[in-house]
Amino acid sequence: MILVAGGSGRLGTLIVRRLGARGLRVRVLTRDRRRTAHFEGGRVDVVEGDVRDGGSLGPAMVGVDTVVSAIHGIGDIGNVSPASVDRDGNRNLIDAAAAVDAAVVLMSIVGASADHPIELFRMKHAAEEHLRASGAPWTIVRAAAFAEFW
């Protein structure tokens, strides 16, 4: 089972659809089940939880062998920030994945670094560092920024 955190967002939806088209079992972690209505009738399992609350991630991890983090803390969706989601939320998600021996695919950003002038880039870098030290098998995807969000 592949868990896609942020699977109800733009990038996450694309990931979920591609994985599903390949016949893979997919679970979406979302803070609001109503945001997954576009998956109804499909083979997507939906679990509510919030990466900012590590205690809410247990049910999402049952039977999972891979976790994809497509989360971000940009915008006006529910009082989020790069620090609360991209750094702390990813830490919680990585720790939960490591606890069940799941591999992690982290969507990061080109140019992520500890001293970058943009907070998002610094927080993505912090998540990368946590993932590298976690002991979980990992892949970091440093994609260019998705400008449609800005």
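Only heavy atoms go into these numbers, but all of them, side chains included; no hydrogens, no water, no symmetry mates.
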Taking all heavy atoms of Arg52 and all of Val85, pick out the closest pair and write down the distance. CD-CG2, 4.0 Å

Heavy-atom nearest pair, Ser69 first then Asn90, reads OG-OD1, 2.5 Å

Is the backbone of His116 close enough, under 3.5 Å, to the side chain of Arg122 for a donor and an acceptor to pair up by distance? yes

Would a distance-only check, ignoring hydrogens and angles, find a side-chain to backbone donor-acceptor pair under 3.5 Å from Lys124 to Met107? yes

So, the side chain of Ser84 versus the backbone of Ser81: is there a donor-acceptor pair under 3.5 Å, distance only? yes

Is there a path from Val141 to Val26 through hydrophobic residues (I, L, V, M, F, W, Y) whose side chains come within less than 4.5 Å of each other? yes

Classify the side-chain pair Asp50/Ser56 by whether it contains a donor and acceptor separated by less than 3.5 Å. no

Do we see a donor-acceptor contact under 3.5 Å between the side chains of His125 and Asp115? no

Side chains of Asp32 and Thr30: any donor to acceptor distance under 3.5 Å? no

Assess whether salt bridge (charged side-chain N to carboxylate O under 4.0 Å, His left out) is satisfied between Arg132 and Glu128, documenting all intermediate values. CA-CA 6 Å; Arg132 286 184 182 101; Glu128 289 178 8; 3.6 Å; yes

For Ser8 and Val28, which heavy atoms make the closest approach, and how far apart are they? N-CG1, 3.9 Å

Does some side-chain heavy atom of Leu120 sit less than 4.5 Å from a side-chain heavy atom of Asp86? yes

Flag, side chain of Arg33 to backbone of Val46, donor-acceptor distance under 3.5 Å: yes

Linked, directly or transitively: Ile2 and Phe39 (ILVMFWY side chains, under 4.5 Å): yes

Shortest non-hydrogen contact between Ala102 and Val67, atoms and distance: CB-CG2, 4.2 Å

Taking all atoms of both residues into account, what is the closest heavy-atom pair of Ala126 and Arg91, and its distance? CB-NH2, 4.3 Å

For the residue pair Ala136 and Val104, what are the closest heavy atoms and their distance? CB-CG2, 4.4 Å

